[in-house]
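Inspection log for the structure reproduced underneath, given as structure tokens.
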Amino acid sequence: MTAQSAQKKNNQKKAKTAITPTREENFPEWYQNVIKAADMAENAPVRGCMIIKPYGYAVWENFQRELDRRIKDEGVKNAYFPLLIPLSYIAKEAEHIDGFAKECAVVTHHRLEAAPDGKGLVPAGELTEPMIIRPTSETIIGETIAKWVTSYRDLPLKLNQWANVMRWEMRPRLFLRTAEFLWQEGHNAFATAEESNADARRMLEVYAEFSRNVLAIPVIEGEKTPEERFPGAMATYTIEAILQDGKALQSGTSHDLGQTFSRSAGIRYQSQDGAEELAWTTSWGMSSRMVGGLIMTHGDDDGMQMPPKVAPHHVVIIPIVHDDGDRAKILDYAETLARRLKELNIRVEMDASDRKTPDKLWGAIKQGVPVRVEIGRREMEEGNVTHTRRDIGRDSKTTESTDAFCNKITAMLDGMQEEMYQAALTRTNAMLHDAKSLDEARQFFSEKSSIGQLRMDAAFLQEDAFEKLQKDFAVTPRCLPFADEGKKVIVGKAY
RNA sequence: CGGGGCGUGGCGCAGCCUGGUAGCGCGCUGCCUUCGGGAGGCAGAGGCCGGAGGUUCGAAUCCUCUCGCCCCGACCA
């Protein structure tokens, strides 16, 4: 090989990526840079809190719309409960408070006064009872619905709220783990244990379907081990995603709370035969961390790739103007296309800014817009559009008639959605390995090149050597997959 | 809260070891040529070097203390 060809090969190897470092070079840094490049969020002045920028929030709004519809289809009604919870409420359930105490933000004052030394303000007006900022709302919703439920006729009661919650986190990361995050929390109450358990399982199904079909994120459905359970729950069900770096992400959870919260909050009802009974409750939630899961599942070295169903824009139209005489006509042609697409329920963004064309193109790539459309004089004169798919790139660049494009765009987006899911599923499956013994597991986790999760016999959970495995390699049991009927456990690193 | 790394214009960095009052790339502003996968020229704007003390004639640079960020753990959605 000549020096020249060696040089050329080297250049090819280091093909310029829109995001540096690449995923392979430094995954955590890549993740943060994708968020920055896509203009989705940034850190807030308060550690652990984030500012969700319009493009990132638009993803959340699409997420909300799709999930909210599914929740309502289950017969759940939305409501809103307060941010502040009396300390006495949360203190009632010992196991629950034990689980959350360390991460509760506490409000102790209700007034600010000038500091004695004249510099700044200090808290004054101490509250007779401190309040906590909700880390979750089981207690206040339990206390409230205890007043609403008196008869078996009041059950089932199904409530959901879209809210922010706060958990004082040690190690925050944008979207994946923030002190304040956005979520929905559902709280259902039933007359029987069978109903509450079936409900917890049912809501997990809703989450799994939503993850796969809307977010294009493959998930494993299963049950948490007792150690990993929600504080106070009888059973915690989870969907786990395996991200591109092989770590697992608990993506949605559903808890069968049994009578734990009914007992502490006094959710009692009179049954048909006149006896006083305690209700059985569930709770279930999915949060803004999924936006992080979305990035870590679909992003590549050129930035974000949005699954069409949550993409803020399905199509970005980039008018290309070489000569000012054409400008008005080209923009007009582009606007006409935009209107046509909007009539097809396509979310269209027109980029008529005066940025340079390559900057517009790369901006759209980094934001992960599924389809880029370029409109210049050639398209205008021939009644065409030129379009490129984000997931395939320049090889998909096609010029065809506007009619042909409008006829296929919906199917094209649906196809992209499906292909993104299949690609993610292939990766996920490749990262799930079987281990036949704890020794084999130790071997796997000690190799630096090993990425992914291990599936092993659930009986290993009882062995002392398993605890050592967890400690030595910072891995945890993620779940006992339903598919294996509780006989297997998935173990690995997690976010 | 432990272990490691880092704080220098909007972003990424050099300068620090061997003190002399700040530089590079990208971005930004203006003009011209450009524009279909990251264009070029010329002219500009922008930083009391995270903060507070100290040493010194003089500190981005040396010392002490602080604050913040990132990574790896413990905790967790």
Side-chain angles (χ1 to χ4, degrees), chain A residues 15-18 20-21 26-29 31-33 36-37 42-43 45-48 98-104 135-136 165-185 207 224 227-231 236 238-241 248-255 283-293 302-303 318-324 326-327 330 354-366 372-380 384-388 390 393-399 470-476 478 493-495:
Chain A
K16 191 174 179 188
T17 56
T20 47
N26 187 339
F27 195 82
E29 205 173 321
Y31 173 73
Q32 294 184 71
N33 287 336
K36 196 187 291 177
E42 61 190 43
N43 281 312
V46 175
R47 176 180 159 79
D98 199 41
F100 281 108
K102 295 180 291 295
E103 47 196 44
C104 279
T136 179
V165 290
M166 182 157 259
R167 298 179 189 177
W168 215 261
E169 288 296 340
M170 309 249 197
R171 186 133 88 88
R173 303 157 180 274
L174 286 172
F175 289 114
L176 284 181
R177 170 158 280 105
T178 47
E180 179 188 11
F181 59 91
L182 305 180
W183 75 345
Q184 58 68 217
E185 49 178 320
Y207 288 151
K224 285 288 187 190
E227 295 71 29
E228 302 276 317
R229 242 177 233 155
F230 179 78
T236 287
T238 177
I239 52 173
E240 300 279 329
L249 182 73
Q250 182 171 334
S251 305
T253 47
S254 175
H255 314 291
S283 70
W284 30 280
M286 211 181 209
S287 76
S288 48
R289 82 178 326 200
M290 282 309 278
V291 177
D302 283 331
I318 299 170
I320 292 164
V321 180
H322 291 273
D323 130 33
D324 280 341
D326 286 341
R327 183 176 302 275
I330 290 174
D354 64 355
R355 287 192 301 162
K356 286 174 287 189
T357 299
D359 288 340
K360 293 186 187 183
L361 290 171
W362 283 100
I365 291 168
K366 287 185 278 196
R372 303 188 291 282
V373 166
E374 296 166 51
I375 295 292
R377 177 194 259 172
R378 290 203 295 272
E379 285 78 10
M380 179 181 66
N384 285 342
V385 303
T386 295
H387 55 87
T388 311
R390 170 64 177 86
R394 62 175 66 169
D395 290 343
S396 65
K397 190 163 172 174
T398 305
T399 300
Q470 288 196 58
K471 286 218 174 83
D472 290 350
F473 299 106
V475 296
T476 47
R478 303 313 310 152
K493 289 186 185 262
Y495 280 103

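In what follows, every chain begins at residue 1, and chains take the letters A, B, ... in the order their sequences are listed.
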- line: The answer to which of N26(A) and K224(A) contacts RNA chain B further toward the 5' end, by nearest nucleotide, is N26(A)

message: Between G50(B) and C42(B), how many Å separate the two C1' atoms, rounded to a whole number?
response: 37 Å

- prompt: Base, sugar-phosphate, or nothing for Q32(A), non-hydrogen atoms under 4.0 angstrom?
  reply: sugar-phosphate

- prompt: Just how far, in rounded Å, is C1' of C69(B) from CG of L174(A)?
  reply: 12 Å

message: Rounded to whole Å, please give me the gap between CH2 in W362(A) and P in G37(B).
response: 10 Å

message: Base, sugar-phosphate or nothing for S288(A)? Non-hydrogen atoms, less than 4.0 Å.
response: nothing

- prompt: Can you tell me how far P of G38(B) sits from CD1 of I320(A), to the nearest Å?
  reply: 12 Å

- prompt: Which is true for G99(A) with a 4.0 Å heavy-atom rule: it touches a base, it touches only sugar-phosphate, or it touches nothing?
  reply: nothing

field: Flag side-chain contact, heavy atom, 4.5 Å: S251(A) against Y207(A)
entry: no

query: Do D323(A) and R377(A) sit within salt-bridge range, that is, some charged N less than 4.0 Å from a carboxylate O?
result: yes

query: For residues T476(A) and R478(A), is any side-chain donor paired with an opposing acceptor at under 3.5 Å?
result: yes

statement: From NZ of K360(A) across to P of G36(B) the rounded distance in Å is 11 Å

query: Once you round it to whole Å, what is the distance between P of C6(B) and CD of E29(A)?
result: 14 Å

query: Touch check for G285(A), heavy atoms < 4.0 angstrom, all strands: base, sugar-phosphate only, or nothing?
result: nothing

field: Atom-pair distance (CZ on R390(A); C1' on G37(B)), nearest Å
entry: 12 Å

- prompt: Over how many whole Å does the gap from W168(A) atom CH2 to A74(B) atom P extend?
  reply: 22 Å

- prompt: Below 4.0 angstrom from OP1 or OP2 of C11(B), is there any side-chain N or O of K36(A)?
  reply: no

Distance, C1' atom - from U64(B) to U56(B), rounded to whole angstrom: 16 Å

query: Quick one: the side chain of E379(A) and the base of G36(B), do they pair up donor-acceptor inside 3.5 Å?
result: yes

- prompt: Reckon R171(A) has a side-chain N or O less than 4.0 Å from the OP1 or OP2 of C75(B)?
  reply: no

- prompt: When we call it a touch if two heavy atoms are under 4.0 Å apart, what does R378(A) touch: a base, just sugar-phosphate, or nothing?
  reply: base

- prompt: Counting just side-chain N and O atoms, does R173(A) come under 4.0 Å of either OP1 or OP2 of C72(B)?
  reply: yes

message: Could you check whether any side-chain heavy atom of D302(A) comes within less than 4.5 Å of a side-chain heavy atom of R390(A), counting everything from C-beta outward?
response: yes

- prompt: When only distance counts, do a donor and an acceptor, one from the side chain of R372(A) and one from the base of G36(B), lie under 3.5 Å apart?
  reply: no

query: Base, sugar-phosphate alone, or nothing: which one does L249(A) contact when heavy atoms must sit under 4.0 Å apart?
result: nothing

Distance between C1' atoms of C62(B) and C49(B) (Å, rounded): 16 Å

- prompt: L176(A) near the nucleic acid: base, sugar-phosphate alone, or nothing, with a heavy-atom cut-off under 4.0 Å?
  reply: base

- prompt: With a 4.0 Å cut-off, would you call K224(A) and E240(A) a salt bridge?
  reply: yes

message: Applying the Watson-Crick and G-U wobble criteria at under 3.5 Å, what pairs with C65(B)? Answer none if nothing qualifies.
response: G51(B)

- request: Quick one: label E169(A) by what it contacts on the DNA or RNA (base, sugar-phosphate, nothing), any heavy atom closer than 4.0 Å.
  value: base

field: Rounded distance in Å between the C1' positions of G47(B) and C35(B)
entry: 33 Å

- request: Would you mind classifying the nucleic acid contact of F100(A) as base, sugar-phosphate or nothing, using non-hydrogen atoms under 4.0 angstrom?
  value: nothing

message: Please classify the nucleic acid contact of K493(A) as base, sugar-phosphate, or nothing, using heavy-atom distances under 4.0 Å.
response: sugar-phosphate

message: With a 4.5 Å cut-off on side-chain heavy atoms, are E228(A) and T236(A) touching?
response: no

task: For the residue pair R47(A) and E169(A), establish whether any side-chain heavy-atom pair is separated by less than 4.5 Å.
output: no

task: Remember a base hit wins even if backbone is also touched, and classify T476(A) as base, sugar-phosphate or nothing at under 4.0 Å, heavy atoms.
output: nothing

- request: Side chain of R47(A) only, please: which of C70(B), G36(B), C71(B) is the nearest?
  value: C70(B)

message: Can you work out whether P172(A) or F473(A) has the more 5'-proximal nearest nucleotide on RNA chain B?
response: P172(A)

d(OH, Y31(A); P, C69(B)) in whole Å: 17 Å

